[in-house]
2 protein chains.
Amino acid sequence: MGLTKSFHFDEEQNQLASFAKAFAHPARIAILQQIIKNKTCIVGNLTDILPLSQSTISQHLKELKNIGIIKGEIEGPSICYCIHQQNWHRAKKMLTKLFSEIDRNCC
Amino acid sequence: MGLTKSFHFDEEQNQLASFAKAFAHPARIAILQQIIKNKTCIVGNLTDILPLSQSTISQHLKELKNIGIIKGEIEGPSICYCIHQQNWHRAKKMLTKLFSEIDRNCC
DNA sequence: TTCGTTTATCGTAATATTGCAATAACACAA
DNA sequence: TTGTGTTATTGCAATATTACGATAAACGAA
């Protein structure tokens with residue numbers, strides 16, 4: 001059926017899965033790394049750097065924005081995309097929590 | 001075309017995306033949480049806990065195993081699934097690195 | 001060997017994701 | 001207003017993911 005049964009899971013599990021989806025594609029990793037690195041954060045150069053078409057990149061940006069991990073503001077003729085600090089921190093916190101829940105396993 | 005152009009991205013970006021995929025579904029989050037929590041780690045009870053069929057759960061386990069975030073060993077009539085400590089740590093390290101690469105953003 | 005329990009795989013169906021070309025929309029400058 | 005440079009959206013096609021029922025496979029016990 002292809003439809004994730006998200007309503008069966010709790011808020012935290014769904015939120016964490018959503019955040020993880022932001023990182024679940026190499027192009028989005030590359031985009032995020034670039035946004036972080038590029039302090040000027042004009043996104044036009046992404047089309048020069050990434051091996052993807054402008055429309056595909058735009059789509060990934062849209063997804064990252066929907067997830068809430070980045071935000072965009074109009075800046076002259078282009079758009080300034082940057083990390084959504086609050087949600088970035090939230091994602092970090094939630095993932096760190098999951099990672100540290102383990103102490104020792106049975107095997 | 002639906003085919004991720006992974007060959008265009010570097011090893012680290014692909015590996016990170018792959019690890020993130022493990023966490024990109026609430027059911028897999030739930031499974032991982034359960035495995036961590038259940039020190040006995042017999043997986044049979046997952047069908048009682050999760051609102052998914054046995055075959056679907058098995059598929060998610062297979063995916064987690066393929067990604068390398070868990071590993072399974074035969075234990076009597078059932079299977080003992082546990083966190084793959086080394087890769088778990090690797091994923092943690094890689095994600096932590098990405099998260100801490102940010103200091104201040106332009107907006 | 002046969003039965004019961006447990007996990008894996010197969011077949012199928014529906015939705016989601018990825019990607020690109022073409023086009024639209026927007027902002028600024030002339 | 002008209003062009004120019006930029007990002008967004010649309011339309012399409014192909015692959016991936018999610019899910020389940022049915023069935024197979026594996027194991028221990030009887």
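Lettering follows sequence order; numbering is per chain, from 1.
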Measure CG/B:Asn66 against C1'/D:dT18 and give the value in whole Å, please. 15 Å
Within the side chain of B:Thr96, is there an N or O that forms a donor-acceptor pair under 3.5 Å with the backbone of B:Lys92? yes
Does OP1 or OP2 of C:dA8 have a side-chain N or O of B:Ser58 closer than 4.0 Å? yes
Between the main-chain N or O of B:Asn14 and the side-chain N or O of B:Ser18, is there a donor-acceptor pair closer than 3.5 Å? no
Starting at atom CD1 of B:Ile70, determine the distance to atom P of C:dT7, rounded to an integer number of angstrom. 12 Å
Out of C:dT7, C:dT9, D:dA8, which has the shortest distance to the side chain of B:Ser55? C:dT9
CD1 of B:Ile31 versus P of D:dT18: gap in Å, rounded? 11 Å
Return the set of residues passing salt bridge (charged side-chain N to carboxylate O under 4.0 Å, His left out) with A:Lys97 (not counting sequence neighbours), or none when no residue passes. A:Glu12
From CG of B:Leu52 across to P of D:dG21 the rounded distance in Å is 11 Å
Per the under-4.0 Å heavy-atom filter, residues of residues 8-28 of chain B near DNA chain C come out as none
Between B:Thr56 and D:dC20, is there a side-chain N or O to OP1/OP2 distance below 4.0 Å? yes
What does B:Gln54 touch in the nucleic acid at a heavy-atom separation under 4.0 angstrom: a base, only the sugar-phosphate, or nothing? base
In whole angstroms, how far is the C1' atom of D:dT9 from the CG atom of A:Leu61? 14 Å
Considering just the side-chain nitrogens and oxygens of B:His60, establish if one lies under 4.0 Å of OP1 or OP2 belonging to D:dT17. no
Name the nucleic acid region contacted by B:Gln59, choosing base, sugar-phosphate or nothing; use a 4.0 angstrom heavy-atom cut-off, strictly under. base
Identify, with sequence neighbours excluded, every residue that meets ring pair (Phe, Tyr, Trp, His ring centres under 6.0 Å) alongside B:Phe99. A:Phe23, A:Trp88
5' priority, DNA chain C, between A:Glu63 and B:Lys65 [closest heavy atom]: B:Lys65
Could you check whether any side-chain N or O of A:Asn87 sits under 3.5 Å from a backbone N or O of A:Gly68, counting only pairs where one atom can act as donor and the other as acceptor? yes
Round to the nearest Å and state the distance from A:Ile57 atom CD1 to C:dA21 atom C1'. 14 Å
Considering residues, nucleotides and ligands other than B:His8, do more than 12 of their heavy atoms fall under 6.0 Å from its NE2? yes
Under 4.0 Å: is that the gap between some side-chain N or O of A:Tyr81 and OP1 or OP2 of D:dT6? no
Distance check needed: C:dT7 C1' versus B:Asp48 CG, whole Å only. 14 Å
Side-chain donor or acceptor of A:Ser58 paired with backbone N/O of A:Gln54 under 3.5 Å: no
